[in-house]
Asks: 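Here it is, the structure in full.
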Amino acid sequence: MAPVVTVRDLRMRYGSTDVLTGVDFDISAGEVLCLLGPNGAGKTTTIEILEGFRIRSAGEVSVLGQDPANADESWRARTGVVLQSWRDHPRWTPRRLLTHLGGYFAPFSTPDRRRPHDIDLLLETVGLTELAERKIATLSGGQRRRLDVAVGIVGRPELLFLDEPTASFDPQARREFHELVRRLGEAEGTTILLTTHDLDEAEKLADRVLVLAGGRIVADDTVGGLSRRVEGESQVRWTQSGRTHSESVLDATAFVRDLLQHGDDIRDLEVRRASLEDAYLSLVRQHEAGHTDAAAQLFSEVTR
């Protein structure tokens, strides 16, 4: 099957500042892809270009077979967007808002196209059934965020953009949201592009992770694949004769085997292998160090 999203040599310039300098990636149907990167890396710009909300400076972009820069309403009916913040219709109720918005998708429903969500089922899905008739202005931040998610999926999109979706969620709401995302991906085959600063969330949800830094994709791999890049940074902790020890080792298996064979009274043994957070921070540090070295070299050449 052709990719749902194809991006080639994507570039974006604001004035004299290059934000994206040649971004390339694909997203397959039904995939949950997480876009990570430090602040200012261009994550939101990339998503806004794919959503059709921002015109790129250069490059080729195809989303659901069309260029988002000039896609029509039928194309938009196949996409869903959950922005970082959405504040509107404070005097409406969740039920009224979702019923109103769902009506925009009905004209685009065909036998081969998804129909909008049943509103009662949607309210139940995002945990707002008991709040369906309350004014939106009275909802808490976490409850409003659930409504934002409901707005994004009311049309049962083929492709869903989630920009920092769980920013105000409490732990229980975040867990329920993660279950919702898995259900959308597995049961309904929804393709999802997610940005988040919560690396634990990315580790739980993503089939694949892209790391954006310096205007380019510096890593494209599964969570496990990224973690294996810094496998040598495993941390081993243990207690021996009442004292706690910690060691960073290249081969945790060999180290632990030797420790157990030759050590006495080993307790509370723990091996912490590299996580997505470790891999992400390592990649960003390597990228930043590379730019620092390049800048230092250029300065040296200029001042000779």
Side-chain angles (χ1 to χ4, degrees), residues 1-7 25-36 43-54 61-66 68 71 73-86 94 97-98 101-102 104-106 108-109 112-119 121-128 144-169 173-198 201-202 204-210:
M1 296 178 61
V4 173
V5 174
T6 299
V7 177
F25 65 89
D26 295 332
I27 307 178
S28 302
E31 187 174 30
V32 179
L33 181 73
C34 183
L35 185 60
L36 298 177
K43 301 186 301 296
T44 297
T45 295
T46 300
I47 283 193
E48 288 178 346
I49 290 171
L50 299 183
E51 293 168 343
F53 292 154
R54 191 173 297 277
V61 177
S62 174
V63 178
L64 295 172
Q66 294 192 43
E73 290 186 353
S74 177
W75 176 85
R76 294 194 178 280
R78 301 168 63 194
T79 65
V81 177
V82 178
L83 302 174
Q84 290 188 17
S85 165
W86 196 78
L97 177 63
L98 294 173
L101 295 176
Y104 287 109
F105 293 91
F108 299 101
S109 298
D112 60 345
R113 183 75 57 80
R114 305 181 188 210
R115 298 183 180 277
H117 268 291
D118 174 83
I119 300 304
L121 178 60
L122 179 58
L123 287 165
E124 180 182 353
T125 298
V126 298
L128 290 177
R144 276 304 311 262
R145 201 64 185 132
R146 295 187 192 196
L147 181 57
D148 292 344
V149 173
V151 168
I153 65 175
V154 65
R156 294 183 65 210
E158 298 173 43
L159 173 61
L160 179 62
F161 297 97
L162 298 174
D163 198 2
E164 299 289 341
T166 59
S168 319
F169 275 26
R174 184 175 289 108
R175 177 177 296 180
E176 292 171 355
F177 175 78
H178 292 167
E179 292 173 356
L180 170 61
V181 170
R182 293 190 193 97
R183 189 158 60 248
L184 288 171
E186 295 171 3
E188 300 196 13
T190 306
T191 305
I192 298 173
L193 177 55
L194 164 76
T195 69
T196 181
H197 285 292
D198 185 342
E201 179 170 83
K204 290 177 180 177
L205 295 179
D207 297 315
R208 188 160 56 96
V209 174
L210 301 181

Asks: Under the 3.5 angstrom rule, does the side chain of Asp207 hit a backbone N or O of Val32 as a donor-acceptor pair?
Replies: yes
Asks: Could you tell me the separation between the CG atom of Leu162 and the OG1 atom of Thr195, rounded to the nearest 0.5 Å?
Replies: 8.0 Å
Asks: As an exercise, state the distance from CG of Leu98 to CG of Leu147, rounded to the nearest 0.5 Å.
Replies: 5.5 Å
Asks: Calculate, to the nearest 0.5 Å, the distance between atoms NZ and SG belonging to Lys43 and Cys34 respectively.
Replies: 9.5 Å
Asks: Leu50 versus Phe161: any side-chain heavy-atom pair under 4.5 Å?
Replies: yes
Asks: Backbone N or O of Glu164 within a donor-acceptor pair of the Thr196 side chain at under 3.5 Å?
Replies: no
Asks: Using modelled atom types only, decide if a donor and an acceptor are shared between the side chain of Glu124 and the backbone of Leu121 within a distance under 3.5 Å.
Replies: no
Asks: Atom CG of Asp163 and atom CD of Glu48: how far apart are they, to the nearest 0.5 Å?
Replies: 8.0 Å
Asks: Kindly indicate, with the supporting measurements, whether the criterion side chain to side chain contact (heavy atoms under 4.5 Å, CB included) is fulfilled by Glu158 and Thr79.
Replies: CA-CA 6 Å; Glu158 298 173 43; Thr79 65; over 6 Å; no
Asks: Check step by step if side chain to side chain contact (heavy atoms under 4.5 Å, CB included) holds for Leu210 and Leu36.
Replies: CA-CA 6 Å; Leu210 301 181; Leu36 298 177; over 6 Å; no
Asks: If I take atom CG from residue Leu123 and atom CZ from residue Arg146, how far apart are they, to the nearest 0.5 angstrom?
Replies: 12.0 Å
Asks: Residues two or more places apart in sequence or in another chain: which of them pass side chain to side chain donor-acceptor pair (under 3.5 Å) with Ser62?
Replies: none
Asks: Would you call Phe25 and Val5 a side-chain contact if the rule is heavy atoms closer than 4.5 Å?
Replies: yes
Asks: Have a look at Ile27 and tell me which of Thr6, Thr191, Val7 forms a side-chain contact (heavy atoms from CB on, under 4.5 Å) with it.
Replies: Thr191
Asks: List the steps and the verdict of side chain to side chain contact (heavy atoms under 4.5 Å, CB included) for Ile153 and Leu122.
Replies: CA-CA 9 Å; Ile153 65 175; Leu122 179 58; 3.6 Å; yes
Asks: Taking the side chain as everything from C-beta on, heavy atoms only, tell me whether Val63 gets closer than 4.5 Å to Pro68.
Replies: yes
Asks: With a 4.5 Å heavy-atom cut-off, do Pro94 and Leu97 have their side chains touching?
Replies: no
Asks: Take atom CZ in Arg175; do more than 12 heavy atoms of anything else shown fall under 6.0 Å from it?
Replies: no
Asks: CG of Leu159 to CD of Glu51: how many Å apart, nearest 0.5 Å?
Replies: 9.0 Å
Asks: Could you tell me which non-hydrogen atom of Val4 sits nearest to which non-hydrogen atom of Ser28, and how far apart they are?
Replies: CG2-C, 4.1 Å
Asks: Please tell me if the side chains of Val151 and Val81 come closer than 4.5 Å, counting only heavy atoms from C-beta onward.
Replies: no
Asks: Less than 4.5 Å apart, side chain to side chain, heavy atoms only: is that true for Leu33 and Leu194?
Replies: no
Asks: Partners of Tyr104 by ring-ring contact (aromatic ring centres under 6.0 Å, His included), sequence neighbours excluded?
Replies: His100
